K.L.:
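I have a structure I would like to understand better, so I am pasting it below and will then ask my questions one at a time.
Being a predicted model, the structure only gives us computed values, none of them experimental.
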Amino acid sequence: MGPHFYSAAVLSSIVFYSDTDSERASSIEDYQITCAEFITDISKDYADWVDRYNLDTKETDSRKMAIENIRITTNSWIRSYGSTIKKIDIIMNDGINKMAESTAGYPFKIDVQVNGMSGYTRHHVGEIKVKVRAIPHPGRIARIGDYQKNQVFLINSVAAIDFKVSPETKIGGDILNDFVLLNAKSCNAGDVISITVVIEEADTSHVTERRGLTTLILLS
């Protein structure tokens, strides 16, 4: 897949809904249905991309199963917790990111957890500890990289979210085992937060691989 956590082809298919999409919705329920249908449609596109990689059968089936599970869970969260246009957008775009990540696959071990859960989780309002772990290939290091230039993480939430991350985490080591601290004190119960953490694998001279892992948090 190269040094980027999405291939150019996969990245070009990521579509974030704009305000004009929500303005056309006649009700929250209507927007939930529209976005759930969009998630279902785009999941088929991602499954098609997996086929184009010509992977072995086991890996192809694994990635497609991950995409299908994301479709099911994302649409369930849209129905259950998408009580506003903003929340629906956060949940939907979180699902799109997750499907892109599953399409690209993971060449080294990555794990991001909140409250011992990965992908979809719950936490009380306040400070949230996001545990980040990665094991690179022998002779390489793992570290937290920037989501894009001048942006460490991709964070989508109803209210503003501050974060803290140790400088050592961005330097990296043979095993990455650290945490990001999110300050969600300005949020309310029932809000959702989506965070994408990018992990880089590097040797002595350059980044060999980078992958993102997205987590959706329901506040209580």
Side-chain angles (χ1 to χ4, degrees), residues 1-8 10-11 14 46 49-50 53 55-56 58-60 62-67 69-70 73 93-123 127-157 161-184 193-217:
M1 291 296 298
H4 302 291
F5 62 96
Y6 305 138
S7 70
V10 171
L11 186 59
I14 298 177
Y46 282 118
W49 276 116
V50 173
Y53 294 148
L55 305 166
D56 61 64
K58 182 178 179 181
E59 184 63 22
T60 295
S62 175
R63 295 190 192 188
K64 284 187 173 182
M65 183 178 295
I67 292 168
N69 288 337
I70 292 163
T73 307
N93 288 322
D94 175 275
I96 295 170
N97 279 329
K98 283 183 168 75
M99 285 189 280
E101 293 160 2
S102 294
T103 300
Y106 293 95
F108 60 99
K109 185 174 177 57
I110 304 174
D111 188 29
V112 177
Q113 293 189 3
V114 175
N115 270 347
M117 295 178 284
S118 302
Y120 301 86
T121 184
R122 300 166 188 252
H123 198 280
E127 289 189 335
I128 303 171
K129 182 179 287 189
V130 182
K131 294 183 179 180
V132 181
R133 297 171 180 159
I135 302 176
H137 290 100
R140 297 176 181 173
I141 64 168
R143 66 193 180 202
I144 289 182
D146 289 348
Y147 178 78
Q148 59 185 21
K149 187 177 181 180
N150 300 321
Q151 183 181 359
V152 181
F153 305 114
L154 174 65
I155 300 176
N156 290 313
S157 64
I161 300 290
D162 296 325
F163 66 84
K164 294 180 181 178
V165 59
S166 67
E168 291 78 10
T169 299
K170 301 202 71 180
I171 295 172
D174 295 340
I175 295 177
L176 176 61
N177 186 9
D178 212 324
F179 64 88
V180 177
L181 194 63
L182 299 181
N183 181 356
I193 301 169
S194 176
I195 177 171
T196 300
V197 180
V198 173
I199 308 298
E200 296 179 339
E201 182 188 62
D203 58 23
T204 56
S205 60
H206 69 288
V207 174
T208 55
E209 298 282 359
R210 64 193 310 262
R211 290 294 190 273
L213 199 59
T214 299
T215 302
L216 185 60
I217 307 165

K.L.:
With side chains defined as the heavy atoms from C-beta onward, is the minimum distance between Asn156 and Asp94 less than 4.5 Å?
P.N.:
no

K.L.:
Donor-acceptor pair, distance only, cut-off 3.5 Å: does the side chain of Arg63 make one with the backbone of Ala104?
P.N.:
yes

K.L.:
Work out which heavy atom in His123 is nearest to a heavy atom in Glu127; give both atom names and the distance.
P.N.:
CE1-O, 3.0 Å

K.L.:
By the definition side chain to side chain contact (heavy atoms under 4.5 Å, CB included), identify the one residue from Asp178, Val197, Val165 that meets it with Val132.
P.N.:
Val197

K.L.:
Enter the distance from Thr196:OG1 to Leu154:CG here, rounded to the nearest 0.5 Å.
P.N.:
4.5 Å

K.L.:
Are Val130 and Phe163 close enough that some pair of their side-chain heavy atoms sits under 4.5 Å apart?
P.N.:
no

K.L.:
Side-chain contact test, heavy atoms from C-beta onward, threshold under 4.5 Å: evaluate it for Leu182 versus Ile155 and give yes or no.
P.N.:
yes

K.L.:
Regarding Lys98 and the six-membered ring of Tyr120, is the cationic atom NZ or CZ under 6.0 Å from the ring centre and inside 45° of its axis?
P.N.:
yes

K.L.:
Taking all non-hydrogen atoms of both residues, which atom of Val114 and which atom of Arg122 are closest, and how far apart?
P.N.:
CG1-O, 4.5 Å

K.L.:
Within this structure, what is the CD1-CD1 distance for the pair Ile175 and Ile141, rounded to the nearest 0.5 Å?
P.N.:
13.0 Å

K.L.:
What distance do Phe153 atom CZ and Ile161 atom CD1 have between them, rounded to the nearest 0.5 Å?
P.N.:
13.0 Å

K.L.:
Measuring from Ile195:CD1 to Leu213:CG, what's the distance to the nearest 0.5 Å?
P.N.:
10.5 Å

K.L.:
Is it the case that the side chain of Arg133 and the backbone of Lys109 share a donor-acceptor pair, with hydrogens and angles ignored and the cut-off at 3.5 Å?
P.N.:
no

K.L.:
Where the side chain of Glu201 meets the backbone of Arg140, is there a donor-acceptor pair that is under 3.5 Å apart?
P.N.:
no

K.L.:
Could you walk me through whether Ile70 and Tyr46 pass side chain to side chain contact (heavy atoms under 4.5 Å, CB included), step by step?
P.N.:
CA-CA 11 Å; Ile70 292 163; Tyr46 282 118; over 6 Å; no

K.L.:
How about CG on Asp174, more than 12 heavy atoms from neighbouring residues, nucleotides or ligands closer than 6.0 Å, or not?
P.N.:
no

K.L.:
For Gln151 and Val198, what are the C-alpha separation, side-chain angles and deciding distance, and is it a side chain to side chain contact (heavy atoms under 4.5 Å, CB included)?
P.N.:
CA-CA 11 Å; Gln151 183 181 359; Val198 173; over 6 Å; no

K.L.:
Distance from Leu216 atom CG to Ser118 atom OG, nearest 0.5 Å?
P.N.:
13.0 Å

K.L.:
Short question: side chain of Glu101, backbone of Thr214 - any donor-acceptor pair under 3.5 Å?
P.N.:
yes

K.L.:
State whether a side-chain donor-acceptor pair under 3.5 Å links Asn93 with Ser194.
P.N.:
no

K.L.:
Considering all heavy atoms of both residues, which atom of Ile199 and which atom of Ala142 are nearest to each other, and what is their separation?
P.N.:
CG2-CB, 4.4 Å

K.L.:
So, for Arg143 and Ile171, which heavy atoms are closest and what is the spacing to 0.1 Å?
P.N.:
CD-O, 3.8 Å

K.L.:
Would you say that more than 12 heavy atoms from the other residues, nucleotides or ligands in this model lie under 6.0 Å from the OH of Tyr106, or not?
P.N.:
yes

K.L.:
Does a sphere of radius 6.0 Å around NZ in Lys64 hold more than 12 heavy atoms from other residues, nucleotides or ligands, not counting ones at 6.0 Å or beyond?
P.N.:
yes

K.L.:
Looking only at heavy atoms, which two atoms of Pro107 and Arg211 are closest? And how far apart?
P.N.:
CD-NE, 3.4 Å

K.L.:
Measure the spacing between CD1 of Ile144 and CZ of Phe179 and express it to the nearest 0.5 Å.
P.N.:
10.5 Å

K.L.:
Ignoring hydrogens, what is the shortest heavy-atom contact between Asp56 and Glu59? Give both atom names and the distance.
P.N.:
OD1-N, 2.8 Å

K.L.:
Asp146 side chain to Lys149 main-chain N or O, any donor-acceptor pair under 3.5 Å?
P.N.:
no

K.L.:
Within the supplied structure, the quantity of interest is the number of heavy atoms (other residues, nucleotides, ligands) at a distance under 6.0 Å from Met117 CE; does it exceed 12?
P.N.:
yes

